[in-house]
Participant: 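Below are the structure tokens for one structure; questions will follow.
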Protein chains: 2
Amino acid sequence: MARLDESLIAGLAPFRKLDRAQIREILDQSAPRRHDEGAEIFREGEEADRFFLLLDGFVRVLRTTPTGEQVILRHLPPGQLIGIAPAMGRTTYPATALAASESLTLAWPVRLWSVFIDRYEGFAAHTLGAMGQRFQDLHDHVAELATKAVEQRVAACVLRMVNQTGRKVEGGIEIAFPVTRANIAEMTGTTLHTVSRLLSAWEKEGIVESRRKHIVVTQPHRLMLLSGVVG
Amino acid sequence: MARLDESLIAGLAPFRKLDRAQIREILDQSAPRRHDEGAEIFREGEEADRFFLLLDGFVRVLRTTPTGEQVILRHLPPGQLIGIAPAMGRTTYPATALAASESLTLAWPVRLWSVFIDRYEGFAAHTLGAMGQRFQDLHDHVAELATKAVEQRVAACVLRMVNQTGRKVEGGIEIAFPVTRANIAEMTGTTLHTVSRLLSAWEKEGIVESRRKHIVVTQPHRLMLLSGVVG
DNA sequence: CTCCGAGTTTGCGCAAAATCAAAATGCGAG
DNA sequence: CTCGCATTTTGATTTTGCGCAAACTCGGAG
């Protein structure tokens, strides 16, 4: 539990306004869970009977199309509530959540949702704020897919991951969780072949360095140019 | 105001659980507005100082990219609350809303939002439900853009409009608000040329009929096949 | 140490769709 | 009725990026 304690600071954003006793109350009702990399936290279509707080690690939210392809909708960093579909009146999860890296969550039975909303000040506001942010992201994502060329999309995708989760290392900024070419392809609506070609080209240009499942951006500003956020 | 009265029945879904006196109370605080086709209801980036209930007509929600292209994110039918970003902690509107056809809205100053939430039972639940639905739609939209080929996307887009707003006419189902080829292109991330070619081809096949700004689907099941919702 | 498999790289040809260009068609205003 | 503009259609050309195929590389299991 040393790991848990150390994660709590980062992970308790939704409960920021609460006092120590209230936090204890909430934690006492939760079940901590550890998820290996790649493990399924919940699956699309399952009965939505729990919601989670991501304490540590990263979660990939994806959807499987009727024809079997997977689309990665979003990555979530620690501190986010996940699986909150039931709060929006859904009885089943609308997407699947996988641990993108070894992760730590707290899980609560869904009936506690309304209790939390009623009892803890700031909880509802925090949730709505998070939903607003996710709307924003989804709108961006749609706009990007609809207007940008493949290279721009991939550049924007890498930048987004860097912004959300980048950590400084010598020589650049690295993405803090394992990402394969195929993952990036699933996010950007292209193929792993194309992603591989682009990353190779960028590596030749000195814009990024990548080992397997692992990307370091050495010249973020040049990626920004490619992504077309500026003229 | 005859028009308004007649619209109220359809438009008051968010207040379904209220009694007559409560509805009167709410209406008394609202300002009705008429919007011509193409008129702007609110604009991306503006201070979000009001929210709206769409009583009649259809609203197009769109976003303008830094490079000037427009992306249509969604169409909203009567009965929907729009401009509810402030409820999610935003101070500015995250997208632009245009009247897709002549429309009628009620507008409230944003400070009433929390009053409504506190005072009227079912209001919060209705809002959350609507947000859940929009998340679902956005996820679908992303998945569609990411995995489907152009013809499938356009087919799915036409079907979506038909499902949301279709009205039966002799010979098929028509989309109830004006849509141009360019509009469809903005929704599906393609060009109006391609959309035009597809619609022409479908017309030759007898799947749709279209005059300008106006589409009637005569064989929905064949569009479904094209959209790839089935194997 | 070697084997194996997941992940990655690369080449080539092709089909889909964008772009360029131009004409045709309606619709509404005067 | 006619003009002008917005919308739509269509053709020719070019580009993009996907599908297929094959090879390579790294890292871990035995």
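Keep in mind that what you see is a predicted model, and the values were worked out from it rather than measured. Below, each value reflects all heavy atoms present in this structure, side chains not excepted, and no hydrogens, waters or symmetry copies. Note on naming: letters A, B, ... go to the chains in the order of the sequence lines (proteins, then strands), and numbering restarts at 1 for each one.
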Participant: Does the pair B:E37/B:R60 count as a salt bridge with the N-to-O cut at 4.0 Å?
Facilitator: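 No, no charged N to carboxylate O under 4.0 Å.
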Participant: Quick one: do B:R167 and B:E174 make a salt bridge, cutoff under 4.0 Å?
Facilitator: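 Yes, B:R167 and B:E174 are salt-bridged.
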Participant: Going 5' to 3' along DNA chain C, between which two nucleotides do contacts with chain A fall, using a heavy-atom cut-off of 4.0 Å?
Facilitator: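 Taking any atom under 4.0 Å from a heavy atom of chain A, the span is C:dA6 to C:dC12.
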Participant: Please tell me which of B:K213 and A:R153 maps to the more 5' nucleotide of DNA chain D, matching each residue to the nucleotide holding its nearest heavy atom.
Facilitator: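 The residue whose closest nucleotide sits nearer the 5' end is B:K213.
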Participant: What does the inter-axis angle of the helix from C:dC1-D:dG30 to C:dG30-D:dC1 come out as, five pairs per end, nearest 10 degrees?
Facilitator: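 Helix axis angle between the two ends: 40°.
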Participant: To the nearest 0.5 Å, how far apart are OG1 in B:T92 and CD in B:E46?
Facilitator: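 Interatomic distance, B:T92 OG1 to B:E46 CD, rounded to 0.5 Å: 9.5 Å.
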Participant: Counting only side-chain nitrogens and oxygens, does B:R181 get under 4.0 Å of the OP1 or OP2 atom of D:dT7?
Facilitator: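 The answer is no; no side-chain N or O of B:R181 sits under 4.0 Å from OP1 or OP2.
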Participant: Do B:E186 and B:R63 meet the salt-bridge criterion of a basic N to acidic O distance under 4.0 Å?
Facilitator: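 Salt bridge between B:R63 and B:E186, a charged N being under 4.0 Å from a carboxylate O: no.
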Participant: Which value, rounded to the nearest 0.5 Å, describes the distance between B:I184 atom CD1 and B:R153 atom CZ?
Facilitator: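 Here the rounded value is 13.0 Å.
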Participant: Take nucleotides 23-30 of chain D nucleotide by nucleotide from the 5' end and write B, S or -, depending on whether a protein heavy atom sits under 4.0 Å from the base, only from the sugar-phosphate, or from neither.
Facilitator: --BB----
Participant: With sequence neighbours excluded, give me every ring-ring contact (aromatic ring centres under 6.0 Å, His included) pair touching residues 168-217 of chain B.
Facilitator: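 Sorted result for residues 168-217 of chain B: B:F58-B:F177, B:H75-B:F177.
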Participant: Where the side chain of A:R222 meets the backbone of A:E205, is there a donor-acceptor pair that is under 3.5 Å apart?
Facilitator: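 Yes; judged by distance alone, with no hydrogens or angles, the pair exists.
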Participant: Heavy atoms within less than 4.0 Å of DNA chain C: which residues of residues 193-209 of chain B have one? Give them sorted by number.
Facilitator: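 Those residues whose heavy atoms fall under 4.0 Å from DNA chain C, taken from residues 193-209 of chain B in numerical order, are B:H193, B:T194, B:R197.
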Participant: What is the distance from atom CG of B:L192 to atom CZ of B:R197, rounded to the nearest 0.5 Å?
Facilitator: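 Answer rounded to 0.5 Å: 9.5 Å.
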Participant: Among residues at least two apart in sequence or on other chains, which ones pass side chain to side chain contact (heavy atoms under 4.5 Å, CB included) with A:E69?
Facilitator: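 For A:E69, the residues satisfying side chain to side chain contact (heavy atoms under 4.5 Å, CB included) (neighbours in sequence not counted) are A:T65, A:T67, B:T147.
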